[in-house]
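Scope of the values below: all heavy atoms of this structure, side chains included, with no hydrogens, waters or symmetry mates. The sequence lines fix the lettering, A, B, ..., with proteins before strands; numbering per chain opens at 1.
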Amino acid sequence: MIYAHAGPRRLAMLRVAVLVLWLYELASDPFERLAALPRAWFEPHGPWLLAPDAVLALLWNETALFGLKLAALASVSLALLGLGRPRLCMALALALVTLVTSFVRGFGHADHADVPLLWATLALALLPAWDALTVSKAPVTARAPGTYARACALVALVFSFGYFETAVHRLAREGGQIFLGPSILHFIARDTAALDDLPFTFGAWLVEQPGALVLCNAGFLLVTVAELAAPFAHLRRSVSIAWLAVILPFHLLAPIVMHVFFRENLVLLCALYVWPLWAWRAPEVPAPRELTERAHQATVSSDPPNSAGIAG
Amino acid sequence: MALFALIALGQAAKQKEAFPFVAFTMYGDAPARAAAYYDYRAVHRSGREERFRPSQVVSTLGSARVARGLARRLDAARGAPPGDAAERLTADALVALMQLYNEDHSDDPVRAVAIEHVVLEPPYHARDARRELVATVQAEPHAAYERAAR
């Protein structure tokens with residue numbers, strides 16, 4: 001497993017990566033501008049289904065939505081730094097980013113870009129991700145061997161499940177036939193034209209080239225196989241490398257070919273796979289503070305319980 | 001285990017209620033032969049015309065949510081009688097988008113947006129697209145949804 005050498009600091013670094021990504025997502029997003037859209041466009045999802053209409057009416061202005069964004073930013077910052085009671089901060093951060101994400105989701109079509117990030121955040125909240133890299137000095141807890149490796153694997157599994165579900169749905173619904181017909185050219189032509197936030201015209205050019213159908217169907221099949229393999233990608237170094245060799249180019253080409261860009265997934269792929277493959281090949285070196293604490297613990301545990309009395 | 005159970009159950013649950021445990025269905029259905037979408041042309045106060053890109057106005061929502069959200073409402077408005085709620089919602093949404101755009105481009109604001117329904121038949125060559133003007137949504141001098149004559 002690529003996380004075999006994971007320790008408290010490496011798991012904590014995953015926490016930092018995920019929460020910094022949330023900070024960027026929230027800070028760079030003009031979320032409050034949604035108040036300018038008609039309320040009739042909004043169809044409540046998730047926790048917003050529980051909100052009375054009066055609450056929504058109260059929230060439907062730039063100031064209130066900006067306040068919600070600021071509260072989410074503050075709670076994510078606290079969870080990132082590990083100030084005070086980090087798990088409590090993380091629970092609050094999770095609740096607020098879920099509120100923000102599901103509010104955006106209420107404006108329509110399923111867009112899964114932020115869901116794997118939300119799942120990874122939820123998984124981290126359940127894991128010992130605050131055993132290192134915190135501002136508040138947390139009490140040192142003895143963990144069973146392999147705890148941090150299993151924790152990293154859980155985050156990877158949760159993150160990768162979206163890929164797996166996508167491939168399973170595709171194969172269960174359409175079978176192998178979808179890779180033989182013109183579906184992929186339809187998707188490329190439609191999304192290049194209809195999804196209007198990126199300027200690339202490569203997709204429209206590509207579908208007009210001879211051999212485009214064969215080439216695109218081969219790529220579609222290859223990506224589907226990689227999606228199916230996603231939950232197993234962290235189990236072996238060679239499998240991880242092969243999987244990344246398909247999934248990374250897919251995420252880099254998808255915005256150019258079909259105007260679909262999963263920025264969050266690209267960052268998480270780097271944090272969960274590329275970085276461990278590259279930098280986690282040796283056991284984690286404890287930080288100076290941990291070394292001091294371990295030395296102190298070793299001194300305490302090597303003394304017999306009544307040693308002070310004997311010495312006295 | 002509980003987390004995995006939630007994620008797995010989200011595949012089968014009602015998507016609104018289950019969020020964020022949702023089904024992943026991306027490019028999962030073989031579509032009908034023709035690809036269809038809506039194209040928007042902005043008419044500025046100066047008379048200048050250019051492509052209107054709604055998802056660039058509200059980047060928060062992402063292009064898929066804006067484009068498909070508007071397309072769903074436009075499909076409903078086209079099938080409904082004039083003045084129907086679906087038509088009003090489409091008009092309100094597009095006027096709001098124009099006003100947001102105009103906040104950032106007050107030098108030459110958008111006065112109206114013309115909506116075209118575009119159909120691409122296989123082999124999906126853009127030059128062979130069939131375009132039909134569906135409606136024009138006016139932001140100035142007052143909000144209005146004007147259906148194109150058939």
B:Phe19 backbone acceptor or donor facing A:Arg105 side chain under 3.5 Å: no

Worked verdict on A:Leu122 versus B:Phe21 for side chain to side chain contact (heavy atoms under 4.5 Å, CB included): CA-CA 11 Å; A:Leu122 180 52; B:Phe21 303 106; 3.7 Å; yes

Region of A:Leu49 in contact with chain B, defined by heavy-atom distances below 4.5 Å: side chain

A:Phe200 atom CZ: more than 12 heavy-atom contacts under 6.0 Å: yes

Top contributor to chain A interface from B:Thr90, B:Asp104, B:Val95 [non-hydrogen pairs under 4.5 Å]: B:Asp104

Interface moiety of A:Leu195 toward chain B, non-hydrogen atoms closer than 4.5 Å: both

Under 4.5 Å from any heavy atom of chain B - which part of A:Ser28: neither

Partner of A:Phe107 under side-chain contact (heavy atoms from CB on, under 4.5 Å), chosen from B:Val58, B:Val66, B:Leu61: B:Leu61

Separation between CG of A:Asp196 and OH of B:Tyr38, rounded to the nearest 0.5 Å: 15.0 Å

Contact leader toward chain B among A:Glu208, A:Arg190, A:His45, A:Glu43, where contacts are heavy-atom pairs under 4.5 Å: A:Glu208

Nearest atoms (heavy-atom pairs only) where A:Asp197 meets B:Gln56: O-NE2, 3.4 Å

Chain B contact via A:Phe161 - which portion, at a heavy-atom distance below 4.5 Å: side chain

Non-hydrogen side-chain atoms of B:Pro20 and A:Ser102 separated by less than 4.5 Å: no

CD (A:Gln177) with more than 12 external heavy atoms under 6.0 Å: no

Top contributor to chain A contacts, counting heavy-atom pairs under 4.5 Å, from B:Pro123, B:Pro54, B:Ala71: B:Pro54

Check: A:Leu198 and B:Ser63 side chains under 4.5 Å, non-hydrogen atoms: no

Engaged part of A:Val260 at the chain B interface, taking heavy atoms whose separation is under 4.5 Å: side chain

Salt-bridge criterion met for A:Arg39 and B:Asp92 (N-O under 4.0 Å): no

Chain B contact via A:Ala123 - which portion, at a heavy-atom distance below 4.5 Å: both

Minimum heavy-atom distance between A:Ser183 and B:Pro31, given as atom pair plus value: OG-CD, 3.3 Å

A:Arg33 side-chain N/O to B:Thr60 backbone N/O, donor-acceptor pair under 3.5 Å: no

Proximal component of A:Leu37, with respect to chain B [non-hydrogen, under 4.5 Å]: both

Chi angles and distances behind the side chain to side chain contact (heavy atoms under 4.5 Å, CB included) call for A:Arg170, B:Tyr27: CA-CA 7 Å; A:Arg170 188 175 299 143; B:Tyr27 302 125; 3.9 Å; yes

Between NE2 on residue A:His169 and CE on residue B:Met26, distance to nearest 0.5 Å: 12.0 Å

Whether A:Trp119 and B:Phe24 hold their rings parallel, tilted or perpendicular, with breakpoints at 30° and 60°: tilted

Crowding at CZ, B:Arg147 (>12 non-hydrogen neighbours, <6.0 Å): yes

Steps toward side chain to side chain contact (heavy atoms under 4.5 Å, CB included) verdict (A:Thr192, B:Tyr37): CA-CA 10 Å; A:Thr192 299; B:Tyr37 61 94; over 6 Å; no

Proximity breakdown for A:Phe164 and chain B, heavy-atom pairs closer than 4.5 Å: neither

Side chain to side chain, A:Arg173 and B:Asp29, heavy atoms closer than 4.5 Å: yes

Shortest non-hydrogen contact from B:Ala67 toward A:Ala194: CB-O, 3.5 Å

Heavy-atom closest contact (B:Ala96 atom, A:Ala36 atom, distance): CB-O, 3.3 Å

